[in-house]
Enquirer: 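This is the structure I want to talk about, given as structure tokens.
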Amino acid sequence: MARAIGIDLGTTNSLVAHVDPRNRPQVITVDEGRPLLPSAVHYAADGTVEVGASARRQAPQRPVDTVLSVKRFMGRGPGDIRAEDRGISSFDEGGAVVKLRVAGGTRSVTPIEVSAEILKVLKRRAAEAFGGPPGGCVITVPAYFDDAQRQATKDAGRLAGLEVLRLLNEPTAAALAYGLDKQVTGTFAVYDLGGGTFDVSILRLEGGVFEVLATGGDTHLGGDDFDRVVAARLLREGLTPPTATPSPAVLRGATAAAQRLREALSAEQVVEADVELPDGFRLAARLTRQELEALLLPVVERTSEPCRSALRDSGLARVDGVVLVGGATRTPLVRRHVQALFGQEPLSDLDPDTVVALGAAVQADALDQGGREDVLLLDVIPLSLGVEMMGGVVEKIILRNSTIPASATQQFTTYADGQTGMVIHVVQGERELARDGRSLARFTLKGIPPMPAGVARVEITYAVDADGILQVAAKELATGLEQTIQVKPTYGLGEDQIEAMLIESIEHAEADVTERFLREWRVEGDRILGSLESAFAVDAELLKATERAAIEQRLAGLKRAMAGDDYLAIKAWIESVDAATQAFAERRMDKHIKKAMAGHRVDEFAQAPRTTREGGDEE
């Protein structure tokens, strides 16, 4: 039977692992006798594609045709490309997704296609190790990958000919490998600083159950940022001849030199380098560990707030241990920073480069037919999912840090008389207003029977699967009319957007709530004004002139309040209008009941079926 595999599709390196017949997870050798496959793909002008160490060696001389760190572009659009990326790579402008120009400008490839080339090599190496093609696979992703980035990863797997059983969050995979290896119980922080992404997760491990309590991170922070700040220093002080506009080849060569210096300084105190670069340039540098740490400190400190936030969200004051994941955590500064953040020395007895792949292999084995059944993973949603209401406010349907798979249903109603359609706008984020969140999808439920406002009942269900991908269903209960979509935004959140969403939700909490109340009461005011206008047109004879004048006076006050920013004033005027129109409403009800009963006997209505009306928010 084909064996399932676990894949760590990393920014800098990728790995594949499996569980051997003795129930032990093992990494498979993939590139030049090593377990790590550099996540580098070179596209030659003759159509040849190279992957791994051989491709990375060509990066300094052929930077535009060699794609590195493609994970940063997964599920993203052209607007998310940073200036430093444009300095090294060539992109097709326009369109909805990132496209890179390679092979001497003769070919355009998407990040999904580039990632698929890496996955094909991992699949082939697994097949060679097994003597046959592998079974299904589990691919790991950063915990903070959104729907588009997760979908792009699944598409890359399918393009590589893999059966993707599950997407697994990288910190959860690391905890899975660590917990099973050590048979531990307790609460743990997983600090995952890879080449291009940072994640932190707080987990509880007990009796084979791995429950994620909270998660945080930054999808655009990692070891690549370390190398960029070091490369900038080297170019500024050690490049001859000096130039203000280095070519892509010089930039790529300086970044490669920066990576080598940084890695060497994890063990040494002083490192020197003298590197020949393309186009006649030379880079001579001497760097001490103290100088390196001064350069890296601002980048490392960006991991602090996500860690503190995740700890707060978990409800824990401290954890029992800290697990380090990702090659960037080998840097001594990072280890000291983590120790200061969590108040204890991090655990480092597992290789931070391989632990994620090992955990993915364990999960793949558990999902595969005949695999182990003593493991249960309870992961969470990183950001809340909601729907936009009238007035632009957001009603959250699934809250962040909810355990997945997750499903929630709420009922909504129509706003206007005779409304036959409803726009469902799916929003992601923590703010109170839709304009401040991330728009994921928008579709219209059509065919609602024309009814008075507030009578129709539309049931909206959000369901997030084990991969963290959202499906939305809207159903009108009277007719059974239903529409379902899988949310597949064209590209993911922009740089730093996810982290900013959480920070902004805290900073603007009070103002957001006030603005939400203001919009909600304005919507209610508009509804009352519209309803009374219709009532006056139909039943004006039921009002005395003095009553009409009193109501009109209160309506004028309501309109003035709605033009202002005091929601309490709007609420007070609405209550005043309700009191002034109560007698009018009773007369209208009596009139229409008499009209409905004309020509009928009372006993005809004695056995009539009873109906109920449930209150609901307006959409």
Side-chain angles (χ1 to χ4, degrees), residues 387-396 410-419 422 432-434 448-458 477-478 509-598 602 605 608 610-619:
V387 64
E388 181 179 1
M389 311 278 285
M390 284 297 298
V393 301
V394 175
E395 178 70 14
K396 294 183 177 69
Q410 287 196 34
Q411 282 192 13
F412 299 86
T413 189
T414 50
Y415 172 73
D417 291 340
Q419 182 176 335
M422 181 180 289
E432 296 293 332
L433 304 182
I448 298 174
M451 309 178 198
V455 174
R457 288 290 174 265
V458 175
L477 298 182
E510 185 175 350
D512 283 354
V513 170
T514 299
E515 179 72 11
R516 179 189 181 107
F517 286 156
L518 177 62
R519 292 185 179 219
E520 289 179 338
W521 284 110
R522 280 176 176 167
V523 168
E524 179 64 9
D526 281 334
R527 186 191 66 78
I528 289 173
L529 290 171
S531 296
L532 284 175
E533 183 179 342
S534 299
F536 290 160
V538 176
D539 297 318
E541 77 280 0
L542 300 179
L543 278 172
K544 298 177 184 178
T546 54
E547 291 176 321
R548 176 74 177 259
I551 294 173
E552 293 284 7
Q553 183 180 16
R554 286 168 172 75
L555 290 176
L558 174 58
K559 290 176 181 178
R560 288 194 300 272
M562 289 172 61
D565 296 328
D566 186 351
Y567 73 87
L568 292 175
I570 301 173
K571 179 182 178 183
W573 277 108
I574 288 175
E575 292 172 350
S576 176
V577 171
D578 284 342
T581 57
Q582 185 173 352
F584 178 44
E586 291 173 353
R587 291 175 205 151
R588 292 192 72 214
M589 184 177 293
D590 289 343
K591 172 186 172 180
H592 291 285
I593 289 176
K594 289 177 182 177
K595 182 178 179 180
M597 293 185 64
V602 174
F605 299 93
R610 300 175 64 187
T611 61
T612 60
R613 288 184 58 185
E614 296 180 1
D617 295 310
E618 295 174 341
E619 165 69 19

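Because only heavy atoms are used, hydrogens play no part in the values below, and waters and symmetry mates are left out as well, while side chains stay in.
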Enquirer: What's the separation between atom OG1 in T581 and atom CD in E586, rounded to the nearest 0.5 Å?
Expert: 10.0 Å
Enquirer: In sequence, state the C-alpha distance, the side-chain angles, and the governing distance for Q410 and V387, and then conclude on side chain to side chain contact (heavy atoms under 4.5 Å, CB included).
Expert: CA-CA 10 Å; Q410 287 196 34; V387 64; over 6 Å; no
Enquirer: Measure the spacing between CZ of R560 and CG of L555 and express it to the nearest 0.5 Å.
Expert: 11.0 Å
Enquirer: Find out whether T414 and M451 are in side-chain contact, i.e. whether some heavy atom of one side chain is under 4.5 Å from a heavy atom of the other.
Expert: no
Enquirer: Rounded to the nearest 0.5 Å, what separates atom CG in L532 from atom CZ in R554?
Expert: 12.5 Å
Enquirer: Tell me, do L543 and I551 make a side-chain contact under 4.5 Å, heavy atoms counted?
Expert: yes
Enquirer: Using a strict 4.0 Å threshold on nitrogen-to-oxygen distance, state whether R527 and D417 make a salt bridge.
Expert: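 Looking at D417 together with R527, the answer is no, because their closest N to O distance does not fall below 4.0 Å.
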Enquirer: Measuring from atom CH2 of W521 to atom CH2 of W573, what distance do you get when rounded to the nearest 0.5 angstrom?
Expert: 15.5 Å
Enquirer: Indicate yes or no: at least one non-hydrogen side-chain atom of L477 is less than 4.5 angstrom from one of V458.
Expert: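 No, every pair of side-chain atoms sits at 4.5 Å or beyond.
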Enquirer: What closest approach, in Å, do T413 and V455 show between heavy atoms, and which atom pair accounts for it?
Expert: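 Closest heavy-atom pair between T413 and V455: OG1-N, 3.7 Å.
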Enquirer: So how far is it from E541 CD to R587 CZ, rounded to the nearest 0.5 Å?
Expert: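 Going from CD on E541 over to CZ on R587, the span is 11.0 Å.
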Enquirer: Inspect the surroundings of CD in Q553 and state if more than 12 heavy atoms from other residues, nucleotides or ligands are less than 6.0 Å away.
Expert: no
Enquirer: Should L529 and V577 count as side-chain neighbours, where that means a heavy-atom distance under 4.5 Å?
Expert: no
Enquirer: How about E432 and K396: do any of their side-chain heavy atoms sit closer than 4.5 Å?
Expert: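 They are in contact (side-chain heavy atoms under 4.5 Å apart), so the answer is yes.
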Enquirer: Are any of the side-chain heavy atoms of M389 and V523 separated by less than 4.5 Å?
Expert: no
Enquirer: Specify the closest pair of heavy atoms between L542 and E547, including all atoms of both residues, with the distance to one decimal.
Expert: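 Closest approach of L542 to E547, heavy atoms only: O-OE1, 4.2 Å.
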Enquirer: Could you measure the distance from the CD atom of E524 to the CD1 atom of I574? Nearest 0.5 Å is fine.
Expert: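 Rounded to the nearest 0.5 Å, the CD-CD1 separation comes out at 5.0 Å.
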Enquirer: Could you tell me if the side chain of F517 sits less than 4.5 Å from the side chain of I570, heavy atoms only?
Expert: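 When only atoms from C-beta onward are counted, F517 and I570 do not touch, as no gap falls below 4.5 Å.
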Enquirer: Decide yes or no for F536 and R548: does some side-chain heavy atom of the first lie under 4.5 Å from some side-chain heavy atom of the second?
Expert: yes
